[in-house]
Amino acid sequence: MILDMSGEATLQTYDKKAEEKIERTDPYKGEFSPSSLSYSQCLRKFLFEKVYKLKSNHPQYPLIYGVAIHEGVEFFYKNLRSETLTFNEVKAGCIQAFVKRWASYKVRGDDKRNLDAGILILDKYCDTYRHEDVLFETVDVEGAQWVQMPNGTMLLCKLDRLTVCDNMMSVIDTKSTTAYLNDRFFRQFQQHISTSLYWHAMEYVYGKCDSIMIDAIRTPLLGPTSQSDQFMRRSFQRTDLQMEEALRTYCKKTDYMIEGMQKRGKERLDHFYCDQNRCDDYSGCPFAGVCMHGIDHPMIGTDFKFENKEFETIAREDFSDNKVLHVQKWYVPSKHVPKDDK
């Protein structure tokens, strides 16, 4: 499925790997990732980032820290059974992979997500899982799979790693978080669209999926008496009914996004509306200021940048068609309108 306008769209990242080709999604071509569904919680965010290609100049620490942690974990599992590297060399390489990725962002981080926190966390992570005995192929670590979906779109799933134990096939999804690793944290994955889509990708490519394991890493490093709460894993299954609803949700949401991308001006802005209930998700939306002040505000030139002039022109044309988003006045029945005193 290809729309009448094309252009490169990337998964949100702050550094391009020169040493390898990274596969990316382009919603203009009907390509999505499981994380794309998170944008459907606030469609205006999808409009700004994926349609207008508007990027924030300010680092988003949860994202870049998570990417850097994934770099370290990827190295660890690709080399855990190396016949040429000792365990200490594997651990050093894991930490170095994190440091290299973190350094590419040129940021200090915050009090919970920073260079020191990542080094300490990965040092303990390697010690905790050094004796893991499940089978996996190194090619299945951070592997990318394209899956054709029922509505004709393509889904790109980047699976952290696949494991086989007692003929049971599982996909592992590593999550870094500052939250407590308790029942409340893991409950979100019981009915979680991204997790369900990973399950679907496994069934599509490998013919089966027996479980999805969440590999949770809490940051920053806790005290010596709290190490059991630093790393925790839980597995989840999916029923046929859950998968049916997950695919229905995916198709309806992506169809809605594609429909909106084909619109122009006020119609597109109305389609991709701002859900103010979501503005505080993940420590605050980076586009909140744009929603408050519009695309012509001076902050656009200082806090944001467009990927190229073509998309900037599209954005400004849409907003010029609707300079002020007028809110429809509520209809008030006449019996509730106060009468003038005579």
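The backbone N or O of Arg264 lies less than 3.5 Å from no partner atom in the side chain of Glu267, so there is not a single donor-acceptor pair. Put simply, the side chain of Glu71 never gets that close to the backbone of Gly66: no donor and acceptor are under 3.5 Å apart. In this structure, Gln242 contributes its side chain and Thr239 its backbone to a donor-acceptor pair below 3.5 Å. At distances below 3.5 Å, not a single donor-acceptor pair connects side-chain atoms of Asp183 with backbone N or O atoms of Phe186. Side-chain N or O atoms of Glu31 include one that pairs as donor or acceptor with a backbone N or O of Asp26 at under 3.5 Å. Asp110 places a side-chain N or O within 3.5 Å of a backbone atom of Lys112 that can act as its donor or acceptor partner. For Ser194 (side chain) and Pro34 (main-chain N/O), a donor-acceptor pair under 3.5 Å exists by modelled atom type. Put simply, the side chain of Ser211 never gets that close to the backbone of Met213: no donor and acceptor are under 3.5 Å apart. Looking at Asn114, its side chain never comes within 3.5 Å of a backbone N or O of Gly109 through a donor-acceptor pair. At least one donor-acceptor pair closer than 3.5 Å links the side chain of Arg44 to the backbone N or O of Leu269.
The line from NZ of Lys124 to OH of Tyr129 is 14.0 Å long, rounded to the nearest 0.5 Å. Atom CZ of Arg187 sits about 14.5 Å away from atom NE2 of His192, to the nearest 0.5 Å.
At least one cation-pi condition fails for Arg234 and Phe189: the charged atom is not both under 6.0 angstrom from the six-membered ring centre and inside a 45 degree cone around its axis. Relative to the ring axis of Phe87, Arg130 places its NZ or CZ within 45° and under 6.0 Å from the centre. Geometrically, Arg161 engages Tyr77 in a cation-pi contact, judged by NZ or CZ lying under 6.0 Å from the ring centre and within 45° of the ring axis.
For the pair Leu122 and Ile69, the minimum side-chain heavy-atom distance is below 4.5 Å. A 4.5 Å side-chain heavy-atom check between Ile119 and Asp123 finds every atom pair outside the cut-off. Contact check for Ile217 versus Thr177: no side-chain heavy atoms found under the 4.5 Å cut-off. In this structure, Gln96 and Cys94 have side chains that are not in contact, with every pair of non-hydrogen atoms separated by 4.5 Å or more. Side-chain contact between Leu221 and Gln230: present, with at least one pair of heavy atoms (C-beta onward) separated by less than 4.5 Å. For the pair Met243 and Ser196, the minimum side-chain heavy-atom distance is below 4.5 Å. In this structure the side chain of Met154 never reaches within 4.5 angstrom of the side chain of Phe32, judged on heavy atoms.
Under the 4.5 Å side-chain heavy-atom criterion for grouping Ile, Leu, Val, Met, Phe, Trp and Tyr, Leu162 is connected to Ile212 within one hydrophobic cluster. Using a 4.5 Å cut-off between side-chain heavy atoms of Ile, Leu, Val, Met, Phe, Trp and Tyr, with links allowed through other members, Met168 and Met202 fall into different hydrophobic clusters. By the rule that hydrophobic residues join a cluster once side-chain heavy atoms approach within less than 4.5 Å of another member, Val290 and Met292 end up as members of separate clusters. Residues Trp199 and Leu197 are members of one and the same hydrophobic cluster, defined by side-chain heavy-atom contacts under 4.5 angstrom among Ile, Leu, Val, Met, Phe, Trp and Tyr. By the criterion of side-chain heavy atoms lying less than 4.5 angstrom apart, applied directly or through intervening Ile, Leu, Val, Met, Phe, Trp or Tyr residues, Met261 is grouped together with Tyr273 in one hydrophobic cluster.
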Run the salt bridge (charged side-chain N to carboxylate O under 4.0 Å, His left out) test on Arg238 and Glu203 for me, step by step, so that the C-alpha distance in whole Å, both residues' side-chain angles and the decisive distance to 0.1 Å come before the verdict. CA-CA 11 Å; Arg238 288 292 185 265; Glu203 289 188 325; over 6 Å; no
Pair Leu115-Arg108, side-chain contact (heavy atoms from CB on, under 4.5 Å): steps then yes or no: CA-CA 7 Å; Leu115 180 64; Arg108 291 180 178 272; over 6 Å; no
Apply side-chain contact (heavy atoms from CB on, under 4.5 Å) to Val73 and Asp160, showing your working. CA-CA 9 Å; Val73 172; Asp160 290 347; over 6 Å; no
Evaluate the criterion side-chain contact (heavy atoms from CB on, under 4.5 Å) for residue pair Lys53 and Phe306; output intermediate values, then yes/no. CA-CA 6 Å; Lys53 313 298 176 68; Phe306 288 93; 5.8 Å; no
Carefully, step by step, assess Val107 and Ile64 under the rule side-chain contact (heavy atoms from CB on, under 4.5 Å). CA-CA 10 Å; Val107 297; Ile64 63 177; 3.5 Å; yes
Dump the intermediate steps for salt bridge (charged side-chain N to carboxylate O under 4.0 Å, His left out) on Glu49 and Lys45, then the final yes or no. CA-CA 6 Å; Glu49 184 161 330; Lys45 185 177 181 181; 5.5 Å; no
Would you check, one step at a time, whether the test salt bridge (charged side-chain N to carboxylate O under 4.0 Å, His left out) holds for Lys263 with Asp270? CA-CA 10 Å; Lys263 296 181 179 180; Asp270 289 343; over 6 Å; no
Go through Asn151 and Thr254 one step at a time and tell me if the side-chain hydrogen bond (donor to acceptor under 3.5 Å, both in side chains) criterion holds. CA-CA 9 Å; Asn151 62 347; Thr254 53; 2.9 Å; yes
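Heavy-atom minimum distance, Met232 versus Leu181: CE-O, 3.3 Å. In plain terms, the two heavy atoms of Gln60 and Pro286 that are nearest each other are NE2-CG, 3.9 Å. Of all heavy-atom pairs between Phe48 and Tyr52, the closest is O-CB, 3.5 Å. Contact between Phe304 and Phe287 at its shortest, heavy atoms only, is CE2-CD2, 3.6 Å. The two residues Pro27 and Phe46 make their nearest non-hydrogen contact at CB-CZ, 4.1 Å. Heavy atoms only, all atoms of each residue included: Ser36 and Met257 are closest at O-CE, 3.6 Å.
For Arg268 and Glu317, the salt-bridge test fails: no basic side-chain N is under 4.0 Å from an acidic carboxylate O. The pair Arg218-Asp229 fails the salt-bridge criterion, with no side-chain N (NZ, NE, NH1 or NH2) lying under 4.0 Å from an Asp/Glu carboxylate O. By the 4.0 Å N-to-carboxylate-O rule, Asp173 lies close enough to Lys175 to be salt-bridged with it. Using a 4.0 Å cut-off between charged side-chain N and carboxylate O, Asp318 and Arg316 make no salt bridge.
Atom NZ of Lys309 sits in a sparse spot, with 12 or fewer heavy atoms from other residues, nucleotides or ligands closer than 6.0 Å. Residue-environment remark: CD (Glu89) exceeds the threshold of 12 foreign heavy atoms within 6.0 Å. Crowding of Asn182 atom CG: a count of heavy atoms from other residues, nucleotides or ligands under 6.0 Å exceeding 12.
Not a single ring pair (Phe, Tyr, Trp, His ring centres under 6.0 Å) links Phe75 to another residue, sequence neighbours left out.
Using a 30° and 60° split on the angle between ring planes, Phe98 and Trp102 fall in the parallel class, below 30°. Using a 30° and 60° split on the angle between ring planes, Phe76 and Tyr125 fall in the perpendicular class, above 60°.
No donor-acceptor contact under 3.5 angstrom links the side chains of Tyr65 and Ser176, judged on distance only. Side chain to side chain, Asp303 and Ser56 fail the donor-acceptor criterion of an N or O pair below 3.5 Å.
None of Thr84, Asn79, Thr86 except one satisfies the side-chain hydrogen bond (donor to acceptor under 3.5 Å, both in side chains) rule with Ser82; the exception is Thr84.
Within the structure, every pair that satisfies the ring pair (Phe, Tyr, Trp, His ring centres under 6.0 Å) test and touches residues 239-262, not counting sequence neighbours, is listed here: Tyr256-His271.
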